[in-house]
Amino acid sequence: MTHFPEFEVVPAVDMQDGEVVQLVAGERGTEKTYGNPVAAAEQWVEQGAETLHLVDLDGAFEGERENAPAVEAVLDAVGEDADVQLGGGIRTVEDATDLLARGVDRVILGTAAVENPEIVAEISDEYPGSVVVSLDAKDGEVVVSGWTEGTGLDPAEAAARYEDLGAGAILFTDVDVEGQLAGVQTDRVSEVVEAVEIPVVASGGVATLDDVRALRDAGAAAVVVGTALYEGEFTLEEAKSI
């Protein structure tokens, strides 16, 4: 695996209506805006980000890639300087392979992977290691469709199944703590890490440098940080140097 040779701190650039936003606990209507996606991406790369985590929130909720122009602009601005992983509204093999051909380094599949697990194998056959399967957990259960529907799946068991299908990494989001600067729950991350050999990227609830450290110690290969960086709770440089 070439992803995340060392523990990485990955800034989130969540986009809604062409702007950077952060939601609280995945609820629409709770968003706080942070300006232009290209400006945000450039800022994080200047501060040392090796990977950017782009999410098309309109796509995640509506199932259509609404922020494609903003994604294109970010790729044009920083695609040569950092890896870009993109999620939100990627529902078909064609969606994914188009993005990978365009210069996205990894595609993040959530709802599509749960509804049609074979999509992971189909994309991975053409672009090995390029699929990150996003497992969002609420009360210990994988949820889909913008965190509104339960699936009955256990995150660790699901992660192992997607590894078998060729997933290059697992993105594990703890929705219970997402966007609240409330701290992290490392035991759930550890369970997923122990279930697979591929990298596990942790997301959700990071408020302090101690949270970053705790996720690293729980075995995460990388951690996605959004609100805490935008609110200045700590700098990317501080997080990278723990």
Side-chain angles (χ1 to χ4, degrees), residues 3-4 6-28 30-57 60 67 70-71 73-75 77-79 81-88 104-106 108 132 134 136 147 169 171-186 189 199-218 220-242:
H3 309 339
F4 316 115
E6 298 173 353
F7 178 74
E8 236 183 86
V9 180
V10 180
V13 182
D14 293 358
M15 295 168 291
Q16 184 171 292
D17 298 328
E19 286 196 304
V20 177
V21 301
Q22 289 288 297
L23 304 185
V24 177
E27 296 287 335
R28 289 187 101 172
T30 61
E31 59 271 358
K32 192 166 176 182
T33 61
Y34 296 95
N36 179 287
V38 172
E42 289 178 334
Q43 171 191 340
W44 300 132
V45 171
E46 278 168 22
Q47 292 178 26
E50 294 160 58
T51 303
L52 293 176
H53 178 83
L54 270 57
V55 179
D56 184 336
L57 287 169
N67 290 284
V71 172
V74 170
L75 283 173
V78 300
D81 305 312
D83 279 3
V84 173
Q85 56 188 40
L86 171 67
V104 171
D105 296 280
R106 295 186 282 282
I108 302 163
V132 179
S134 172
D136 300 339
W147 302 325
L171 172 69
F172 180 66
T173 302
D174 191 341
V175 178
D176 295 325
V177 295
E178 170 73 19
Q180 298 182 59
L181 297 181
V184 295
Q185 303 183 88
T186 54
V189 176
V200 174
V201 181
S203 170
V206 173
T208 65
L209 292 171
D210 282 343
D211 291 333
V212 175
R213 201 173 284 116
L215 289 168
R216 180 195 64 192
D217 293 348
V223 57
V224 173
V225 186
T227 306
L229 284 175
Y230 287 98
E231 288 291 321
E233 302 290 332
F234 52 81
T235 67
L236 181 57
E237 189 177 9
E238 288 171 330
K240 282 167 66 71
S241 64
I242 62 164

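Quick caveat, the model's predicted, so the values are computed rather than measured.
Taking each heavy atom of Phe7 and Ala220 in turn, the nearest pair found is CD1-O, 3.3 Å. When all heavy atoms are compared, the tightest approach of Ser134 to Ile108 is CB-CG2, 3.5 Å. Heavy atoms only, all atoms of each residue included: Val104 and Val84 are closest at CG1-O, 3.6 Å. The heavy-atom pair separating Ala228 from Phe234 by the smallest distance is CB-CE2, 3.7 Å. In terms of heavy atoms, Leu215 sits closest to Ala202 at CD2-CB, 3.9 Å.
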Go through it in stages, so that I can follow the logic: the residues are Glu233 and Thr208, the test is side chain to side chain contact (heavy atoms under 4.5 Å, CB included), and I'd like the CA-CA distance, side-chain angles, deciding distance and then a yes or no. CA-CA 7 Å; Glu233 302 290 332; Thr208 65; over 6 Å; no

Go through Val189 and Val184 one step at a time and tell me if the side chain to side chain contact (heavy atoms under 4.5 Å, CB included) criterion holds. CA-CA 9 Å; Val189 176; Val184 295; over 6 Å; no

Apply the test side chain to side chain contact (heavy atoms under 4.5 Å, CB included) to residues Val132 and Val201: give CA-CA distance (whole Å), side-chain angles for both, the deciding distance (0.1 Å), then the verdict. CA-CA 9 Å; Val132 179; Val201 181; 5.5 Å; no

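Scanning for salt bridge (Lys or Arg N to Asp or Glu O under 4.0 Å) contacts around Asp210 gives Arg213, with sequence neighbours left out. In this structure, the salt bridge (Lys or Arg N to Asp or Glu O under 4.0 Å) partners of Asp83, at least two apart in sequence or on a different chain, are Arg106. Remark: Thr186 engages no residue in a side chain to side chain donor-acceptor pair (under 3.5 Å) (not counting sequence neighbours). Not counting sequence neighbours, Glu31 has no partner by the salt bridge (Lys or Arg N to Asp or Glu O under 4.0 Å) test. Every side chain to side chain contact (heavy atoms under 4.5 Å, CB included) that Glu19 has, sequence neighbours left out, goes to Thr33. Shown here are the side chain to side chain contact (heavy atoms under 4.5 Å, CB included) partners of Val55, two or more places apart in sequence or in another chain: Asp14, His53, Leu57.
Between the CG atom of Asp217 and the CD1 atom of Ile242 there is a distance of 7.5 Å, given to the nearest 0.5 Å.
Each of Leu54, Thr51, Val224, Leu236 was evaluated against Pro11; a single residue qualifies, Leu236, per the side-chain contact (heavy atoms from CB on, under 4.5 Å) test.
In this structure, Asp174 contributes its side chain and Gly204 its backbone to no donor-acceptor pair below 3.5 Å.
Residues Met15 and Val71 are in side-chain contact: their nearest non-hydrogen atoms beyond the backbone lie under 4.5 Å apart.
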Under 3.5 Å donor-acceptor pairs involving side-chain atoms of residues 34-47, not counting sequence neighbours:
residue : atom : partner : partner atom : Å
Tyr34   : OH   : Glu231  : OE2          : 2.5
Asn36   : OD1  : Val38   : N            : 2.7
Asn36   : OD1  : Ala39   : N            : 3.0
Trp44   : NE1  : Tyr230  : OH           : 3.2

